[in-house]
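Heads up, the thing below is written out as structure tokens.
All residue numbers refer to positions in the sequence shown, counting from 1. Model, not experiment: these values are computed from the prediction.
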Amino acid sequence: MTTPLLEARDLNHVYFLRHGFLKQPAPLRALNGVSLTINEGEILGIVGESGCGKSTLARILLGLETPTSGDVILEGRPVSSYPQRERALAVQPVFQDPYGSLNPSMSVEDLIALPLHVHKIGSRQERQQKVARMAEQVGLPRRALSASPNQLSGGQRQRVAIARALVSGPRLVICDEPTSALDVSVQAQILNLLLDLRAEHRVAMLFISHNLSVIEHMADRMMVMYLGRVVEAGSTQQIFAAPAHPYTAVLRDSVFSPDDDGGVPDLGLRGNFPNAMNMPSGCVFHPRCPVARPECATTEPFLTQAHDASRQNACLFPLN
Ligand SMILES: Nc1ncnc2c1ncn2[C@@H]1O[C@H](COP(=O)(O)OP(=O)(O)OP(=O)(O)O)[C@@H](O)[C@H]1O
Ligand SMILES: [Mg+2]
């Protein structure tokens with residue numbers, strides 16, 4: 001068996017929030033027993049509503065945050081044992097906000113070249129060539145190289161962020177909602193660009209979105225998260241054909257009625273996304289589940305294998 005590129009084992013993450021001067025800090029369980037693997041060159045999609053823990057997971061996998069417990073293993077070694085520079089050579093992020101992540105006082109060319117400088121890759125001339133080639137691959141016009149990011153559109157800025165993430169040849173790119181700040185018309189272009197770059201550079205991706213149709217387009221395998229837990233995982237195609245968890249089924253059906261602004265579709269579920277500081281008993285999804293039975297309020301389901309080893313779900317009464 002080949003070693004996965006990245007492996008996360010039983011990640012738990014708790015934030016402590018203080019709600020008043022004299023009150024004890026109260027725990028908020030942002031991640032609860034999350035495990036995953038990403039293999040070379042594959043795209044793993046993560047989907048779930050706002051607040052389910054996607055960005056917390058991304059930050060932990062990037063080594064930007066230390067989990068309360070659990071391990072992240074990068075190419076067979078704990079990520080915590082990597083010097084920051086070495087880790088950055090292997091894993092690069094693309095974040096949601098292309099406005100906040102690019103320093104406006106630098107030119108686009110210098111921004112893209114930054115990882116090459118930091119890692120002392122190539123001569124000055126080689127760096128310039130690499131940057132020009134990368135800019136061309138992400139579809140930036142030549143004249144954009146001397147511009148400030150402030151002079152570019154949101155979509156162009158995200159192309160700069162993607163070029164910067166890929167220029168030093170990482171094995172994994174972690175994309176946290178990379179298109180949700182963009183106009184709907186630009187979103188598809190950026191998604192297709194990422195797919196082309198994956199094919200060209202054979203780079204693996206963790207791709208986070210609250211939009212299941214985006215995950216369907218992008219991911220080879222996917223995980224559905226709810227309140228800090230993984231409730232279903234498996235091949236994207238199989239999950240779309242026959243979701244096992246009622247929450248996945250609701251998300252899938254919402255894909256057929258997307259709202260106009262490309263934001264979070266109305267899932268039509270009872271109640272709102274619950275407060276992570278006050279977890280429901282039993283199955284955490286039961287208060288909103290359209291097919292919950294009395295046992296669901298008292299018995300906690302665990303993520304178990306179903307169908308074959310490649311699929312898992314955490315439901316006492318799976319649909320398929
Ligand atoms: N730095 C923090 N301090 C305290 N609580 C936090 C912090 N970051 C996240 N949380 C809480 O942890 C939970 C998970 O948040 P996270 O940002 O990971 O969710 P998300 O799935 O990325 O949401 P979104 O789709 O809105 O980006 C939420 O309840 C959030 O309020
Ligand atoms: Mg987030």
Measure the shortest side-chain to side-chain distance between [X] and [Y] over non-hydrogen atoms and say whether it is less than 4.5 angstrom.
| X | Y | answer |
| --- | --- | --- |
| Q128 | V131 | no |
| D196 | Q137 | no |
| V79 | R87 | yes |

Enclosure of [X] [atom1] (heavy-atom neighbours >12, cutoff 6.0 Å):
| X | atom1 | value |
| --- | --- | --- |
| E136 | CD | no |
| Q237 | CD | no |
| R77 | CZ | yes |

Is the shortest distance from a Lys or Arg side-chain nitrogen in [X] or [Y] to a carboxylate oxygen in the other one below 4.0 Å?
| X | Y | answer |
| --- | --- | --- |
| R202 | E42 | no |
| D220 | R198 | yes |
| R171 | E75 | yes |
| R142 | E109 | no |

Check: Any side-chain donor-acceptor pair under 3.5 Å between R85 and H119?
Finding: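 No, because no side-chain N or O of R85 sits under 3.5 Å from a partner of the opposite role on H119.
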
Next item on the list: Would you tell me whether S209 and N211 have side-chain atoms, one donor and one acceptor, within less than 3.5 Å of each other?
Entry: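 Side chains of S209 and N211: no pair found under 3.5 Å.
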
Next item on the list: Over 60° means perpendicular and under 30° means parallel, so classify the ring planes of F285 and Y226, tilted if in between.
Entry: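 Judged by the thresholds at 30° and 60°, the geometry between Y226 and F285 is perpendicular.
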
Checklist line | Test side-chain contact (heavy atoms from CB on, under 4.5 Å) applied to Y247 and L227, V284, V231, N313, the passing residue | finding: V231

Margin query: Using the rule side-chain contact (heavy atoms from CB on, under 4.5 Å), only one of L36, L172, L74 pairs with L61; which is it?
Written below: L36

Is [X] reaching over with its side chain to a backbone N or O of [Y], donor-acceptor style, under 3.5 angstrom?
| X | Y | answer |
| --- | --- | --- |
| Q158 | Q187 | no |
| N275 | M277 | yes |
| S168 | L116 | no |
| R221 | A233 | no |
| Q151 | S148 | yes |
| H210 | S50 | no |
| N320 | A244 | no |

Note to self: Given the ring of F317, does R293 sit roughly above its face, with NZ or CZ under 6.0 Å from the centre of the six-membered ring and within 45° of the axis?
What the structure shows: yes

Check: Looking at CG of L102 and CZ of F95, how far apart are the two atoms once the value is rounded to the nearest 0.5 Å?
Finding: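 Going from the CG atom of L102 to the CZ atom of F95 covers 11.5 Å.
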
